Amino acid sequence: MSATTQITLRTAVVLPFVMIFIITIGVIVTVQKHSYEEMVVDISDKQLSALTANVTLELNRFLNEPFQASLALSHSISFNRLYQRGDTSDIERYFLTSFRSLYDSIPQLDVIGYGGEGAEYIGFRKEPNKAYTLMVQDDRTEQQLVIYRGQTISQDIRSVINGYDPRIRPWYAPVAKSLTPMWSSIYTNADERQEITLSALTPVFYDQDFQGVVVTDVKIDTFNLFLKDQQLQTNAVIYLVDDKKRLVAHSTNGTVISWGTPFSKKGERLLATESANPIVKANAKYSQANGLYSQDGFQRFALEINNQRYFNHLTPYVDEHGLKWYIGVAISESDLLGKLPESQRDSWIIGIIASLIGIALGLFAFNRVVAPITSTASAAKHLAKGDWESTMPQPGNIYETTMLVYAFNEMANNLKASFRALRSQLLYDSLTKLYSREGLIDSCDKLPALNGSLMLVGIKKFRDINDSLGHYKGDQLLINISQRLHSIYSEDHYLARIGGDEFAIYTSKKQTEQDLVLAANRIHQVFASPFIMGQDNVVISVSIGVVESGPDFNMTLWLRNGSIALSNAKRELSNISFYRPEMADISRKRTLMVAKIKDAIEHKEFVPFYQPLIDLSSGEVIGAEALARWLSPSSGLISPLEFIPIAEESGLIEAVGEQILLQACNDTVRGIRAGKWNSDFHMHVNVSVNQLSQPDFISTLQKILTQSTLNPTNLTLEITESRIVDNDPVTLQNMQAIRDLGVHIAIDDFGTGYSSLAYLHKLPFDCIKIDRTFVDKLSPQELDTSIVAAIINMTRGMKVTLVAEGIETSEQAQMLTQLNCQQGQGFLYSRPVPFDEWPTDLVNMK
């Protein structure tokens, strides 16, 4: 598992705990917030509804008293017919008496007046000092509106207004048209005060004839005072808006009159959205943008204004006399709930702080608990990386973790001891006590530079020696070899056993090629004397591969190059080879060839070609030799010289030989059945010593004979003389077993090996094949003294068949016949050909 998908123990425990805490706090906060919001909405709704109802009741009273006064005054004027054209003196006396006795206690009632159809006007205006100001326009004032300083006509005149016609005023014209009691629009008075006024209007009739209008003015400023008083009691902002969305009154400071804006002329009332109060302004904008003015019933909404949440009600106000206003009420969350939001916020903060302190204390306690575990894990990680000197964990105060730490420390100490022993086994050869391959690499790669020389010493045929002496004596021989190497090299050399039968010698001293040749010859001299192994004297020979220089700080590459040189040395007469870069190319090609041979074996690309064997006396074809050929689909026919040596070195020759043997046996059966060959036809097949030395070779041979149904007497296995290992018990046993099966054995390339005649008598064989080099040297002058003649004479009493190889001329055939050589083969008769191309004219070659 990758490190990115793993978490620490602390995280695994703390994370769920923190997540549960966060989720719990979140749920609590959410539930509390939801409950809080429900409470706030409920309280705000009740508070604002109650406040709106209170304002509505007060507004009803505020407006109803002036309107009732207007109705009563109109009725009295009509009933008593007090209005006379050109003379308003009767109405003057009636108004003054009524104002004093009946309506003086109505604070919002500012003016009582009457306008007649003759353009007369009579009215009294209330003054702050409990006095009244008389306003008259009739024949007595020559139809000019005169405003006196007192309540009677006198010379003390406040102002005179010419051209005043009450019939065109906002308080007269609507009633004269509708002839019903109603409220006027809010307008500005024509007197010198020019105050904002709302008037209750009532028509006066004489027997259903319209005579004029009674007007009672309501002073809007008085309602502002009421709204301010409500704000002082509740901290709520209250405002009134008419159907044109202009301010009527509000509880805040400031005027409702415009001093000139893009939307209001100077002297007009401000639009609610132009209010200087940010709360009234924000509420008006929201109400207008969301169309709340056009909806029935109250509307409730909340706004964030100046970092404060405000709860708002907008309620329509409509009365029976045509008045349509809107009552707006806004109150902040803090004013609505007092210290509750702050207390709740403080409680949340205290709760979170307490929780965080609890988490911190829990983490502290948890860290103390898991510290031995984490330190153990850290120590284990260091040990896994090979840091055996890392600090060991310390036990804690908890029994289980203490036991864990003690157990880990004990295990770590045992591991350290085992690692040291294992490292010693890895770096040193347990048998010879020399460096191992890994030990040589480890030691030399730590040197400042690798600028010396390396020699690889390979023991020839050590496997055969090991098999003949036994493994115990083989091991003792290796110990003796290492001791001899130690005896000739000083301490500044690095000696290693890098393989079963290979040794390496590295010296950091720079040497010339001549020095290295002398050193290699010295090694040969050391191994020239036999090794005494009990009653056996063992003489061994070695091959030496030499590397003069290599890649710095990389002994692995030095050893690879040395191995290439050693392989080459085994094919040199001197048994010494210096590494050259081109050898690596040859080695790579050899490696590629091995891979190709394996692939060819898998795809059965190896096939036998057949060269006939001739009875030299009769000229008849009596047999054939199966020669291995490689038919590659990509490269065509590949020479045996290219693949046979590599197949032998790589151990693949057994598989190749098995394929050739099987096909040759099948072709022999097929040729005999087809009449191409006689029933006593002999098929010769080459068998490598590697095959012959395998314990299971006989079972493989039996399986091939059974599978092909070939008679064993038709098969001869050829074994090269020079490849036979002396006294190899497995080889001798297999050769005898072959004879027991009825299969014949031929000694191939006879005369090129080093077998003694006594040794030949030990081997079970039926045929000797004389090597072509001896046939080439035959001449009529020295025929009787030739090596061929000597071989024929030497084997005359052995009752074996003689076959001469490499016959290319008729003269050679005649000389061999003269020497009584029974059989022969060569290009004189035919080159090796595939089975299907076997020549049909090979009947009599004499």
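Start at 1 with the first residue, then count along the sequence. Values in this document were obtained by computation on a predicted structure and should not be read as measured data. Every heavy atom of this structure was used, including side-chain atoms; hydrogens, water molecules and symmetry mates were not.
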Matching residue for Gln825 among Glu805, His684, Lys769 - test: side-chain hydrogen bond (donor to acceptor under 3.5 Å, both in side chains): Lys769
For the backbone of [Y] and the side chain of [X], can you confirm whether one donor and one acceptor N or O come within less than 3.5 Å of each other?
X      : Y      : value
Glu837 : Pro834 : no
Arg739 : Gly742 : no
Arg497 : Thr432 : no
Glu502 : Leu456 : no
Gln822 : Asp615 : no
Asp442 : Glu438 : no
Asn734 : Leu692 : yes
Lys604 : Ile601 : no
Ser563 : Arg560 : no

Do [X] and [Y] have side chains that approach each other closer than 4.5 Å (heavy atoms only, starting at C-beta)?
X      : Y      : answer
Val542 : Ile459 : yes
Leu661 : Gln691 : no
His486 : Leu434 : yes
Phe503 : Ile523 : no
Leu450 : Cys444 : yes
Ile787 : Lys777 : no
Ile481 : Phe527 : yes
Arg484 : Ser529 : yes

Check step by step if side-chain contact (heavy atoms from CB on, under 4.5 Å) holds for Ile807 and Ile614. CA-CA 10 Å; Ile807 302 174; Ile614 307 299; over 6 Å; no
Answer with yes or no whether the side chains of Asp740 and Gln736 bring together a donor and an acceptor at under 3.5 Å. yes
Distance-only side-chain donor-acceptor flag, Asp515 / Thr512, under 3.5 Å: yes
Starting at [atom1] of [X], measure out to [atom2] of [Y] and round the result to the nearest 0.5 Å.
X      : Y      : atom1 : atom2 : answer
Thr591 : Ile564 : OG1   : CD1   : 8.0 Å
Cys665 : Leu715 : SG    : CG    : 5.0 Å
Thr556 : Asn561 : OG1   : CG    : 11.0 Å
Glu811 : Leu816 : CD    : CG    : 10.5 Å
Ser453 : Tyr579 : OG    : OH    : 16.0 Å
Leu566 : Leu559 : CG    : CG    : 11.5 Å

Residue pair [X] / [Y]: nearest heavy atoms and the distance that separates them:
X      : Y      : answer
Leu819 : Ser786 : CD1-OG, 4.2 Å
Ile653 : Ile644 : CD1-CD1, 4.1 Å
Pro608 : Asp667 : CG-OD2, 4.1 Å
Ala626 : Tyr610 : CB-CE2, 3.7 Å
Ala496 : Leu440 : CB-CB, 3.9 Å
Leu637 : Arg629 : CD1-CB, 3.9 Å

Evaluate Leu631 against Glu605 for side-chain contact (heavy atoms from CB on, under 4.5 Å), listing each step before the verdict. CA-CA 6 Å; Leu631 286 177; Glu605 296 175 7; 5.6 Å; no
Scan Thr801, Ile745, Leu717, Thr716 and name whichever one has a side chain to side chain contact (heavy atoms under 4.5 Å, CB included) with Phe765. Ile745
For the residue pair Tyr506 and Trp558, categorise the inter-ring angle as parallel (less than 30°), tilted (30 to 60°) or perpendicular (more than 60°).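 Perpendicular: the ring planes of Tyr506 and Trp558 meet at over 60°.
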Walk me through it: do Ile698 and Gln733 pass the test side-chain contact (heavy atoms from CB on, under 4.5 Å)? CA-CA 10 Å; Ile698 299 303; Gln733 289 173 9; over 6 Å; no
Quick test of your reading of the model: are Asp776 and Arg772 salt-bridged, counting only N-O distances below 4.0 Å?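 Between Arg772 and Asp776 there is no salt bridge, as every charged N stays at least 4.0 Å from the carboxylate O atoms.
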Cationic N near anionic O, under 4.0 Å, Glu548 to Lys510: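 Salt bridge between Glu548 and Lys510, a charged N being under 4.0 Å from a carboxylate O: no.
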More than 12 heavy atoms of other residues, nucleotides or ligands under 6.0 Å from [atom1] of [X]: is that the case?
X      : atom1 : answer
Lys596 : NZ    : no
Ile532 : CD1   : no
Tyr494 : OH    : no

Is there a side chain to side chain donor-acceptor pair (under 3.5 Å) between Ser577 and Glu572? Walk through the geometry before answering. CA-CA 7 Å; Ser577 175; Glu572 297 288 340; 5.2 Å; no
Apply side-chain contact (heavy atoms from CB on, under 4.5 Å) to Val687 and Ile738, showing your working. CA-CA 12 Å; Val687 176; Ile738 292 171; over 6 Å; no
Where at least one partner belongs to residues 626-666, residue pairs that pass ring-ring contact (aromatic ring centres under 6.0 Å, His included), sequence neighbours excluded: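 Only Phe606-Trp630, Phe606-Phe643, Trp630-Phe643 qualify under ring-ring contact (aromatic ring centres under 6.0 Å, His included).
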